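To start, the structure under review is shown below, and the notes come after it.
Model, not experiment: these values are computed from the prediction. Counting starts at 1 for both ligands and their atoms, following the listed order.
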Amino acid sequence: MLQKTSHYMRQANLIGGEWVQADSGATIDVINPATTLKIGVVPKSGKAETRRAIEAAETAFHVWKKTSALERSKLLRKLHDAIMDNQDALAELLTMEQGKSLAEAKGEVGSSAAYVLWFAEEARRTYGDVVPSPWADRRILVTKEPVGVIAAITPWNFPSSMLSRKIAPALAAGCTAVVKPASQTPYSGLAWGALCEEAGFPKGAVNILTGSAGEIGDEMCSNPLVKKLTFTGSTEIGKMLMAKCASTVKKVSMELGGNAPFIVFDDADLDRAVEGAITAKYRNSGQTCVCTNRFFAQAGIYDRFVERLAAASNKLKVGPGLEEGTQQGPLIDDKAVEKVEEFVKDAESKGGKVVTGGKRHALGGSFFEPTVISDATPDMMFMKEEIFGPVAPVFRFDTEEEAVKLANDTEFGLASYFYTSNLGRAVRVMEGLKYGMVGVNEGLITTPEAPFGGVKESGLGREGGHQGIEDYLDTKYVCMGGLGL
Ligand code: ADP
């Protein structure tokens with residue numbers, strides 16, 4: 001498999017169909033978080049390379065926008081097949097640079113392919129309208145057109161699928177793209193270049209840059225040829241990018257931070273709730289923006305839930321992602337571990353009790369034990385901040401109103417989950433949660449068919465669903481007169 005994996009491990013950038021190095025020749029090391037050993041390097045590109053990539057995308061746009069929806073759909077299907085034919089190799093590459101278990105990496109690559117297939121289908125459904133006209137002699141048409149060149153910046157936690165949700169709808173809509181994967185996990189991003197070449201997309205349709213986030217990001221935000229910026233990452237950087245995009249009034253889509261609540265009511269099916277809790281907390285070792293940040297358990301079920309959650313957390317097999325049977329890989333780097341340690345220390349100093357885990361794993365490096373903390377209170381750090389690690393704090397509550405109020409007491413509004421067997425409560429709570437996504441008796445809800453995205457400071461726009469292509473389209477109103485009617 002390694003031979004195939006190395007085919008996708010590109011240590012170069014893709015600009016206008018050419019695999020190139022940075023102008024300066026500078027590179028960035030890429031580290032395997034499970035071993036802390038260097039895997040390879042990628043170019044450290046900056047402003048000049050970004051400008052060339054944008055110009056290449058603009059040239060390609062004039063050709064690509066003229067293709068038919070059916071043509072684009074067929075190429076996207078080829079891209080889907082190329083991903084699935086190489087799922088194992090791409091998953092191995094992902095695990096090597098990101099750390100997650102091979103099983104999760106395969107799942108992520110499968111999800112990337114699923115988004116591509118979805119948008120291959122949606123490419124053919126970007127319908128406009130013919131609107132009844134108030135004038136007898138004029139006709140009103142509303143059409144959809146691709147916005148043009150789009151720029152995308154993605155994080156390290158889902159280095160393959162975060163790009164899929166941006167590249168696929170862009171190409172489906174008739175846009176071309178310049179993308180920057182995160183420096184920690186660039187190979188899964190660069191692999192999109194090789195895959196797009198294999199599928200037969202024209203040169204310049206997808207350009208991929210690695211390097212200085214500031215320089216690449218600044219050029220993307222200020223270059224007038226870029227018509228839209230789509231970003232997944234922290235709220236802090238997202239706000240900065242939005243401000244920069246204001247100077248050229250670009251469309252923006254932002255998938256930012258979350259602070260997901262997971263509420264377990266007394267009437268919940270406990271087995272189901274614990275199973276959902278494990279998935280919603282520990283996927284990617286807690287490093288996802290939809291991972292549960294705060295568990296709220298009702299007083300009558302609190303002790304049983306904590307006990308069962310701790311037992312299930314304790315059973316998770318921690319290890320290098322490439323090792324058979326691993327369920328929890330390492331965290332991305334030591335800084336991430338230090339941050340998690342800070343959360344645990346803060347909780348303990350305020351009366352929280354570590355029920356299981358709580359410290360670095362015996363494997364060393366950036367491995368951390370799956371951790372459950374009981375007696376969590378709102379003055380603890382994880383009430384407000386994203387943990388991004390395998391720590392599950394459990395808060396106690398008495399009434400439904402209190403649970404919804406606590407859950408909503410955050411500036412974030414991405415994913416939320418709750419467990420109940422009462423139908424009336426399900427509807428009340430579902431409507432009461434100020435979140436872009438709600439899982440009712442479900443802990444894993446992401447799928448290409450549904451619109452993924454947040455409200456409040458968790459972002460703008462949706463990825464997936466029929467909504468996912470809208471952000472890549474402009475609406476044009478055409479009034480046809482002089483028809484001699
Ligand atoms: P995370 O902590 O999830 O990596 P960040 O928001 O720091 O979240 O990073 C997400 C992506 O944004 C990464 O690709 C990173 O390189 C990029 N990024 C970070 N700083 C900037 C910046 N100043 N301009 C543009 N992109 C940036």
*So is Lys100 actually on top of Phe158's ring, under 6.0 Å and inside 45° of the axis?*
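Yes - Lys100 lies over the ring of Phe158, closer than 6.0 Å to its centre and within 45° of its axis.
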*asked:* Distance check, rounded to the nearest 0.5 Å: Ile39 atom CD1 versus Glu97 atom CD?
replied: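 The CD1 atom of Ile39 sits 6.0 Å away from the CD atom of Glu97.
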Hey, is [X] close enough to [Y] for a salt bridge, meaning N to O under 4.0 Å?
{"X": "Arg360", "Y": "Asp334", "answer": "yes"}
{"X": "Asp88", "Y": "Lys4", "answer": "no"}
{"X": "Arg294", "Y": "Asp409", "answer": "no"}

*Ring centres of Tyr419 and Phe262 under 6.0 Å apart?*
yes
_Show me, by chain and number, every protein residue that has a heavy-atom distance under 4.0 Å to ligand 1._
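Ile153, Thr154, Pro155, Trp156, Lys180, Ala182, Ala213, Gly217, Phe231, Thr232, Gly233, Ser234, Ile237, Met240, Leu241.
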